[in-house]
A.B. asks: 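I have a structure I would like to understand better, so I am pasting it below and will then ask my questions one at a time.
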Amino acid sequence: MKYIKVNNMIMNKNKAIISVLAILLLSSFAVMAVRYLRTSEHKTAKIYQNGEIIREINLDTLTEPIEFEITDESGHKNSVRAENGRIRITSADCPDKICVNQGWIDNGVLPIVCLPNKVTIEITGADSDIDARTGG
């Protein structure tokens, strides 16, 4: 009789372990599916001047870096470099150079802003929209 009780306890433990493993496995598949669906949205850099969008770049599809200049009506310039998944202002003729010193951005949490030249660069898409809204 004691043997049957011990055997039943072992079987119950095994069933519990298998159930926990199955739940973990299903949860992992669900997380992977959600991440796959979310990353199908492309990471896009949006460049604004004077509050109006002047250029959009799909950062996920860049195979080679691109560089370009943004010039305002007063002749002030910002040089921009975009690579796969990231973007930055490489030089600017503004006095403080905060936009240049910020370096690369690769998500939507913090945009690049050059106040003197009225240029803003933000990233949208993929994980960035959720991060920007939640601050995470």
A.B. asks: Show which residues join I18 in its hydrophobic cluster (side-chain heavy-atom contacts under 4.5 Å, direct or indirect), or state none.
C.D. replies: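 None; I18 is a cluster of one.
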A.B. asks: Look at the side-chain heavy atoms of Ile, Leu, Val, Met, Phe, Trp and Tyr, link any pair under 4.5 Å apart, and say whether I66 and I53 land in one connected group.
C.D. replies: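 In one cluster with I66: I53, no.
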A.B. asks: Let me confirm one number: the CD-CD1 distance from E122 to I47, rounded to the nearest 0.5 Å.
C.D. replies: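 The CD atom of E122 sits 10.0 Å away from the CD1 atom of I47.
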A.B. asks: Between atom CD1 of I57 and atom CD1 of I123, what is the distance when rounded to the nearest 0.5 Å?
C.D. replies: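 Reported to 0.5 Å precision, the distance equals 10.0 Å.
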A.B. asks: Spell out, as yes or no, whether a donor-acceptor pair under 3.5 Å connects the side chain of D72 to the backbone of S74.
C.D. replies: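 Yes.
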A.B. asks: Which heavy atom of L59 sits nearest to which heavy atom of E83, and what is that distance?
C.D. replies: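 Scanning both residues, the minimum pair turns out to be CD2-O, 3.8 Å.
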A.B. asks: Can you see which heavy atom on K97 is nearest to which on A92, and at what distance?
C.D. replies: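 Looks like NZ-O, 2.7 Å.
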A.B. asks: State the CD1-SG distance between I98 and C114, to the nearest 0.5 angstrom.
C.D. replies: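 One gets 9.0 Å once the value is rounded to the nearest 0.5 Å.
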A.B. asks: Kindly give the heavy-atom pair with the smallest separation between G103 and I112, and that separation in Å.
C.D. replies: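 Where G103 meets I112 most closely, the heavy atoms are O-CD1, 3.8 Å.
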A.B. asks: Under the side-chain contact (heavy atoms from CB on, under 4.5 Å) test, which residues partner N84, sequence neighbours left out?
C.D. replies: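 side-chain contact (heavy atoms from CB on, under 4.5 Å) list for N84, sorted by chain: empty.
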A.B. asks: Report yes or no: does N107 contribute a side-chain atom to a donor-acceptor pair with the main-chain N or O of V109 at less than 3.5 Å?
C.D. replies: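 Between the backbone of V109 and the side chain of N107 there is a qualifying donor-acceptor contact (under 3.5 Å).
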A.B. asks: Would you find a donor on one side and an acceptor on the other, under 3.5 Å apart, between the side chain of D60 and the backbone of K43?
C.D. replies: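 Side chain of D60 to backbone of K43, a donor-acceptor pair under 3.5 Å: yes, one is there.
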A.B. asks: Find the distance between CG (N101) and CZ (R88) and round it off to the nearest 0.5 Å.
C.D. replies: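 Atom-to-atom, N101:CG and R88:CZ are 8.5 Å apart.
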A.B. asks: Counting distance only, does the side-chain N/O of R55 pair as donor-acceptor with the main-chain N or O of K46 below 3.5 Å?
C.D. replies: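 Between the backbone of K46 and the side chain of R55 there is no qualifying donor-acceptor contact (under 3.5 Å).
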A.B. asks: Taking all non-hydrogen atoms of both residues into account, name the closest pair between A45 and I87 and its distance.
C.D. replies: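 In this case the closest contact between A45 and I87 is CB-CD1, 3.8 Å.
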A.B. asks: Does L62 belong to the same Ile/Leu/Val/Met/Phe/Trp/Tyr cluster as F68, with side-chain heavy atoms less than 4.5 Å apart forming each link?
C.D. replies: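 Yes, because L62 and F68 connect within a single hydrophobic cluster, where side-chain heavy atoms sit under 4.5 Å apart.
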A.B. asks: Which pair of heavy atoms, one from P111 and one from T120, lies closest together, and at what distance?
C.D. replies: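 Distance-wise, the nearest heavy atoms are CB-CG2, 4.3 Å.
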A.B. asks: Output the distance between atom NE2 (H76) and atom CD (Q49), rounded to the nearest 0.5 Å.
C.D. replies: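 Between H76 NE2 and Q49 CD, I get 11.0 Å after rounding to 0.5 Å.
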A.B. asks: Does E52 have more than 12 heavy atoms from other residues, nucleotides or ligands lying within 6.0 Å of its CD?
C.D. replies: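 Count not over threshold, so no.
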A.B. asks: Distance-only, no hydrogens or angles: does the T90 side chain make a donor-acceptor pair with backbone N or O of S79 under 3.5 Å?
C.D. replies: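 Answer holds: yes.
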A.B. asks: Does I54 belong to the same Ile/Leu/Val/Met/Phe/Trp/Tyr cluster as Y48, with side-chain heavy atoms less than 4.5 Å apart forming each link?
C.D. replies: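 No; Y48 is not reachable from I54 via cluster members.
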A.B. asks: Nearest heavy-atom pair of C99 and V113: which atoms, and what distance?
C.D. replies: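 Distance-wise, the nearest heavy atoms are CB-O, 3.7 Å.
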A.B. asks: For W104, which fellow cluster members are found when Ile, Leu, Val, Met, Phe, Trp and Tyr are connected by side-chain heavy-atom distances below 4.5 angstrom, either directly or through intermediates?
C.D. replies: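 Joined to W104, directly or through intermediates: none.
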A.B. asks: Does CD belonging to E69 count more than 12 external heavy atoms closer than 6.0 Å?
C.D. replies: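 Yes, the 6.0 Å shell around CD holds more than 12 heavy atoms from other groups.
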A.B. asks: Working to the nearest 0.5 angstrom, can you tell me the gap between S91 OG and E67 CD?
C.D. replies: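 Those atoms lie 9.0 Å apart.
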